[in-house]
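Everything below concerns the one structure shown next.
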Amino acid sequence: MNFSHLSLDHVGIRVTDLAVSERFYAKFGFIRDPEEYAPAVKACGLHHPSGLRIHLIFNGVSDPAGNVLMDVPVKYPGYTHAAFIIESMVDFVPWLEQERITITEGPVHMGHDRRVVCFIRDPDGNVLEFNEILQ
């Protein structure tokens with residue numbers, strides 16, 4: 001088997017309220033794909049003009065401890081975040097402030113100064129990472 005042309009189709013994100021999550025991800029340009037809406041299995045696909053796709057799995061139940069993969073002392077296995085590439089952190093940070101989206105970490109240089117990174121949380125506490133790739 002040759003995996004030299006492997007690419008990512010979508011990231012699944014478990015949420016508690018589909019409408020709230022759709023509004024949040026719409027701020028980043030994601031819109032519902034009617035062909036990927038499957039209420040019987042509580043899944044809603046969103047697509048972005050860049051070709052990115054996410055699936056909102058809307059059967060989540062809030063935990064008082066927060067994000068059980070990130071916010072509890074015991075670290076369980078699981079996907080911890082999705083990382084997106086943006087053009088400019090200098091433009092992104094004021095936009096987050098305008099949208100009243102809290103930065104939970106950063107901006108900070110990472111990867112031996114390969115990128116500038118900041119982290120936010122969606123309405124359910126799922127972590128999203130945004131990277132400006134430095135030249």
Side-chain angles (χ1 to χ4, degrees):
M1 184 57 150
N2 182 345
F3 291 102
S4 62
H5 296 286
L6 189 65
S7 59
L8 187 64
D9 181 67
H10 67 272
V11 173
I13 303 171
R14 190 172 315 279
V15 300
T16 57
D17 186 315
L18 178 60
V20 168
S21 295
E22 273 193 279
R23 282 192 302 276
F24 176 81
Y25 286 97
K27 292 178 180 186
F28 299 91
F30 287 93
I31 58 171
R32 183 184 288 196
D33 180 346
E35 300 295 319
E36 294 281 345
Y37 179 61
V41 294
K42 303 289 187 192
C44 181
L46 306 180
H47 66 91
H48 189 271
S50 68
L52 290 172
R53 290 183 169 275
I54 59 176
H55 283 184
L56 300 177
I57 312 303
F58 55 98
N59 62 0
V61 177
S62 293
D63 189 306
N67 179 325
V68 296
L69 293 176
M70 300 295 287
D71 301 332
V72 297
V74 176
K75 299 302 180 200
Y76 297 99
Y79 293 98
T80 60
H81 65 281
F84 300 94
I85 297 172
I86 58 171
E87 291 181 20
S88 168
M89 192 64 66
V90 170
D91 294 337
F92 186 61
V93 169
W95 179 84
L96 289 172
E97 291 170 358
Q98 173 188 316
E99 294 296 323
R100 297 185 179 176
I101 298 171
T102 301
I103 295 173
T104 56
E105 183 181 345
V108 62
H109 287 254
M110 290 187 160
H112 302 285
D113 284 335
R114 182 181 75 83
R115 57 202 170 105
V116 179
V117 178
C118 78
F119 296 87
I120 66 168
R121 300 272 183 122
D122 78 359
D124 287 293
N126 295 304
V127 177
L128 303 174
E129 175 181 325
F130 291 86
N131 293 268
E132 176 186 347
I133 305 301
L134 304 173
Q135 301 301 327

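None of these values were measured; they are calculated from a predicted model. Keep in mind that the numbers below use all heavy atoms, side chains included, and drop hydrogens, waters and symmetry copies.
Remark: aromatic rings of Phe92 and Phe84 are distant, center separation not under 6.0 Å.
Hydrophobic clustering (side-chain heavy atoms under 4.5 Å, transitive across Ile, Leu, Val, Met, Phe, Trp, Tyr) groups Phe28 together with Val15. In the hydrophobic clustering of this structure, Leu96 groups with Ile86; members are Ile, Leu, Val, Met, Phe, Trp, Tyr whose side-chain heavy atoms approach within less than 4.5 Å, directly or through other members. In terms of hydrophobic clustering, with Ile, Leu, Val, Met, Phe, Trp and Tyr side chains grouped at heavy-atom distances under 4.5 Å, Met70 and Phe119 are assigned to a common cluster. In the hydrophobic clustering of this structure, Phe130 groups with Trp95; members are Ile, Leu, Val, Met, Phe, Trp, Tyr whose side-chain heavy atoms approach within less than 4.5 Å, directly or through other members.
Other residues sharing a hydrophobic cluster with Ile133 under the 4.5 Å side-chain heavy-atom criterion for ILVMFWY residues are Ile85. The hydrophobic cluster around Val61 extends to none of the other residues, as no ILVMFWY side-chain heavy atom falls under 4.5 Å of it. Chaining together hydrophobic side chains whose heavy atoms lie under 4.5 Å apart places Met1 alongside Phe3, Leu6.
The two residues Asp91 and Ser88 have their closest heavy-atom pair at N-OG, 3.1 Å. Nearest approach of Pro77 to Leu69, heavy atoms of both residues: O-CD2, 3.5 Å. Summarising the geometry of Pro107 relative to Val93, their closest heavy-atom pair is CG-CG2, 3.6 Å, with the distance given to 0.1 Å.
Looking at residues two or more places apart in sequence or on another chain, you find no ring-ring contact (aromatic ring centres under 6.0 Å, His included) involving His109. Applying the ring-ring contact (aromatic ring centres under 6.0 Å, His included) criterion to Phe30, with sequence neighbours excluded, gives His48. The side chain to side chain donor-acceptor pair (under 3.5 Å) test applied to Glu129 returns His81, Arg115, Asn131, not counting sequence neighbours.
Looking at heavy atoms from C-beta onward, Thr80 lies out of side-chain contact with Val127 at the 4.5 angstrom threshold. Side chains of Ile13 and Tyr25 form a contact here, defined as non-hydrogen atoms less than 4.5 Å apart. Contact of the Pro123 side chain with the Asp17 side chain is not registered, since no non-hydrogen atoms from C-beta on lie closer than 4.5 Å.
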So Leu18 and Tyr37, side-chain contact (heavy atoms from CB on, under 4.5 Å) or not? Walk me through it. CA-CA 11 Å; Leu18 178 60; Tyr37 179 61; 3.9 Å; yes

Go through Leu134 and Met89 one step at a time and tell me if the side-chain contact (heavy atoms from CB on, under 4.5 Å) criterion holds. CA-CA 10 Å; Leu134 304 173; Met89 192 64 66; over 6 Å; no

Please assess Thr102 against Arg121 for the test side-chain contact (heavy atoms from CB on, under 4.5 Å), listing each intermediate value before the final yes or no. CA-CA 8 Å; Thr102 301; Arg121 300 272 183 122; over 6 Å; no

Would Leu56 and Phe24 count as a side-chain contact (heavy atoms from CB on, under 4.5 Å) here? Give the steps. CA-CA 11 Å; Leu56 300 177; Phe24 176 81; over 6 Å; no

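Taken from CG in Asp9 to CG in Leu52, the straight-line distance is 10.5 Å, to the nearest 0.5 Å. Considering CG of Asp122 and OG of Ser21, their distance stands at 5.5 Å, rounded to 0.5 Å. The CZ atom of Phe58 sits 8.5 Å away from atom CD of Glu22, with the distance rounded to the nearest 0.5 Å. For the atom pair Arg114 CZ and Glu132 CD, the distance stands at 12.0 Å (nearest 0.5 Å). With rounding to the nearest 0.5 Å, the separation of CD1 in Ile54 from CG in Leu128 is 8.0 Å.
Each of His47, His55, Glu36 was evaluated against His10; a single residue qualifies, His55, per the side-chain hydrogen bond (donor to acceptor under 3.5 Å, both in side chains) test. The residue from Asp33, Leu46, Leu8 that alone fulfils the side-chain contact (heavy atoms from CB on, under 4.5 Å) condition with Arg53 is Asp33.
Heavy-atom neighbours of Lys42 NZ from other residues, nucleotides or ligands within 6.0 Å: at or below the threshold of 12.
Of the possible donor and acceptor atoms, none in the side chain of Asp124 sits under 3.5 Å from a partner among the backbone N and O of Asn126.
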